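Notes to accompany the following structure.
All values reported here derive from a predicted model rather than from experimental measurement. We number each residue from 1, following the sequence as shown.
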Amino acid sequence: MPAKIPATVVTGFLGAGKTTLIRHMLQNAEGRRIALIINEFGDLGVDGDILKGCGDETCREEDVVELSNGCICCTVADDFIPTMEKLLAREDAPDHIVIETSGLALPQPLVRAFNWPGISTKVTVDGVVTVVDGKAVNDGQFAHNLAAIDAQRAADDNLDHETPLSELFEDQIACADMIVVNKTDLLTDTEAETLSGKLKSDSRAGVQVVRASMGALPVDVLLGQGIGAEADLEARHEVHHHHHHDDDHDDEHHHDHEHAHGHDEFESFVVTRPEINDANAFAEQVADVIRAHNILRLKGFAAVAGKPMRLTLQAVGPRVDTYFDGPLTGPREARLVVIGEAGLDQAAITAALSA
């Protein structure tokens, strides 16, 4: 049976920077064919036009679907499921599906929909990414333009949950596999550090909290989390079921000049070491190094003593997967790419992985 297509759910209030994050992802997709489902409605349906303008094989016009009948979590059966079925039925099915929810959407009902008969065998939730307006949250609001969120709420006839923004924010954090603290360029290092720490303590164990400005996140960090969130709904309990949104305008569009700095907040480097003796022991060693140094992703290949096959290793946070994927053709060594936020201790990590 073919592997399920991974889908990433991007949630967060209007103005947090979801569109900017997605546009950056499309511009750096590295050959992946990505289909987008965008959930805006009323007169705010501008995201579709912006993304359709990215003019690249990565996001052809037919790969962008706009759901404009209201908040996605309230129109799952009528709107979202048929759209997914159509995408999955295409002969040139995408490599990855990215769903941008409206800022007023509860992510949990959407994740639950992936268990729907007909799509559950073909697609899986790779991860839920909650984008947070770091500046607004640091200032004690959840979004920087509360009036725009009220307008969005008023424009949605299908919105069936009136939830205070604070509760909606809690639900978006409770469902997240990764929290992106965006707009950190508007915070001091101490503010960004404190806010990230608080969000980490407010979320489930294992949730990655990363900082970004202008939504510039390495695609290898954003996609390929491999979570299977739809099988793990118990852990993502909704704090409240009635939401009343307070602030959601994506002034992302005004905050959006292409900044040259892009990935300053992240770094990656390669560690090469001699072949390993025991694949399982090495996977445990890698997990320990990841925990000790807060590494986001680690991937690569290794030769294992006495084996003709190449070992592939992929880690998302401390979850490490290894498998033999084919004959080893290159030198008998291990080559591992390490990705994390800027400031990784390369020498210590290299020494620990080579031990």
Arg335 atom CZ, neighbour heavy-atom count above 12 within 6.0 Å | no
Quiz item: Quick check: are there more than 12 heavy atoms from other residues, nucleotides or ligands sitting under 6.0 Å from NZ of Lys307?
Solution: no
Q) Just by modelled atom types, is the Thr188 backbone N or O under 3.5 Å from a matching donor or acceptor in the Glu191 side chain? A) yes
Minimal heavy-atom distance between Val111 and Cys175, with the atoms involved, is CG2-SG, 4.1 Å
### Query
With a 4.5 Å limit on heavy-atom distance, are the side chains of Val129 and Thr8 in contact?
yes
Considering only heavy atoms from C-beta outward, does the side chain of Val9 approach that of Thr101 to under 4.5 Å? yes
request  = Ignoring hydrogens and angles, state whether a donor on the side chain of Gln208 or Gln225 is under 3.5 Å from an acceptor on the partner side chain.
outcome  = no
query: Do Leu311 and Val270 belong to the same hydrophobic cluster, where Ile, Leu, Val, Met, Phe, Trp and Tyr are linked whenever their side-chain heavy atoms lie under 4.5 Å apart, directly or via other members?
result: no
Nearest heavy-atom contact between Thr184 and Ser213 is OG1-N, 4.0 Å
*Does the side chain of Ser120 pick up a donor-acceptor pair with the side chain of Asn115 at under 3.5 Å?*
no
- Item | Check: Asn138 side chain, Gly134 main-chain N or O, donor-acceptor pair, under 3.5 Å | no
Check: Would Asp220 and Arg297 pass as an ion pair if we require N to O under 4.0 Å?
Finding: no
Does the side chain of Leu88 reach to within under 4.5 Å of the side chain of Ile5, using non-hydrogen atoms? yes
ask   = In terms of hydrophobic clusters joined by side-chain contacts under 4.5 Å, are Phe269 and Phe301 together?
value = no
- [ ] Kindly determine whether Leu199 and Ile173 satisfy side chain to side chain contact (heavy atoms under 4.5 Å, CB included), including the steps that lead there.
- [x] CA-CA 8 Å; Leu199 288 167; Ile173 297 300; 3.9 Å; yes
Tightest non-hydrogen contact, residues Ile339 and Ser268, listed as CG1-CB, 3.9 Å
query = Is any side-chain heavy atom of His96 closer than 4.5 Å to a side-chain heavy atom of Asp126?
reply = yes
> Is there side-chain contact between Leu313 and Val320, with at least one heavy-atom pair below 4.5 Å?
Replying inline: yes
For Ala174 and Gln108 the tightest heavy-atom approach is CB-NE2, 4.2 Å
Check: Between Val125 and Ile119, is there a shared hydrophobic cluster once you connect ILVMFWY residues whose side-chain heavy atoms come closer than 4.5 Å?
Finding: yes
Would you say Arg112 and Leu233 make side-chain contact, with heavy atoms under 4.5 Å? yes
Can you tell whether the side chains of Arg211 and Glu193 come within less than 4.0 Å, N to carboxylate O? yes
Discussion item. Taking the side chain as everything from C-beta on, heavy atoms only, tell me whether Thr130 gets closer than 4.5 Å to Val180.
Written reply: no
Side-chain (Gln172) to main-chain (Val132) donor-acceptor, under 3.5 angstrom
no
Val316 reachable from Val221 in the ILVMFWY side-chain graph, under 4.5 Å edges: no
Would you call Lys135 and Asp185 a salt bridge, using N to O less than 4.0 angstrom?
no
- request: Report yes or no: does Asn182 contribute a side-chain atom to a donor-acceptor pair with the main-chain N or O of Gly215 at less than 3.5 Å?
  value: yes
**Prompt:** When clusters are formed by joining ILVMFWY residues with side-chain heavy atoms under 4.5 Å apart, either directly or through shared neighbours, do Val219 and Leu217 land in the same one?
**Reply:** yes
Notebook entry, point to check: Taking it one step at a time, do Thr312 and Thr322 satisfy side chain to side chain contact (heavy atoms under 4.5 Å, CB included)?
Noted result: CA-CA 6 Å; Thr312 293; Thr322 57; over 6 Å; no
Contacts of Thr124 meeting side-chain hydrogen bond (donor to acceptor under 3.5 Å, both in side chains) (sequence neighbours excluded), chain-then-number -> Glu230
Distance col, row His24:NE2 vs Thr20:OG1, nearest 0.5 angstrom, shows 10.5 Å
Do Arg236 and Glu234 meet the salt-bridge criterion of a basic N to acidic O distance under 4.0 Å? no
Value for CD (Glu267) from CG (Leu344), rounded to nearest 0.5 Å, stands at 4.5 Å
In terms of heavy-atom contacts, Val128 and Pro107 come closest through CG1-CB, 4.4 Å
Between the OH atom in Tyr323 and the CE atom in Met309, the distance rounded to the nearest 0.5 Å is 12.0 Å
Test item: Asp95 side-chain N/O and Arg33 main-chain N/O as donor-acceptor pair under 3.5 Å: yes
Exercise. Are the side chain of Ser354 and the backbone of Ala351 linked by a donor-acceptor contact shorter than 3.5 Å?
Worked result: no
Separation between CG (Leu328) and CD (Glu333), nearest 0.5 Å, reads 9.0 Å
Distance col, row Glu170:CD vs Ser203:OG, nearest 0.5 angstrom, shows 12.5 Å
Between Phe266 and Ala216 the two heavy atoms that sit nearest each other are CE1-O, 3.6 Å
Practice problem: Go through the steps to decide whether Leu223 and Ile34 satisfy the test side chain to side chain contact (heavy atoms under 4.5 Å, CB included), and finish with yes or no. | Solution: CA-CA 11 Å; Leu223 306 183; Ile34 296 173; 4.1 Å; yes
Contacts table for residues 286-293: side-chain donor-acceptor under 3.5 angstrom, sequence neighbours left out:
residue: Asp288; atom: OD1; partner: Arg291; partner atom: NH1; Å: 3.3

Lys18 side chain to Gly12 main-chain N or O, any donor-acceptor pair under 3.5 Å? yes
Inset, instruction - Look only at the side chain of Lys200 and the backbone of Val207, and say whether a donor-acceptor pair between them is shorter than 3.5 Å. - result: yes
Query raised in the report: Would you say Ile97 and Met84 make side-chain contact, with heavy atoms under 4.5 Å?
Result: yes
Pair Leu36-Glu100, side chain to side chain contact (heavy atoms under 4.5 Å, CB included): steps then yes or no = CA-CA 8 Å; Leu36 291 174; Glu100 180 191 354; over 6 Å; no
Distance col, row Met214:CE vs Lys183:NZ, nearest 0.5 angstrom, shows 9.0 Å
Quiz item: Are Arg204 and Asp232 within salt-bridge range, i.e. N to O under 4.0 Å?
Solution: yes
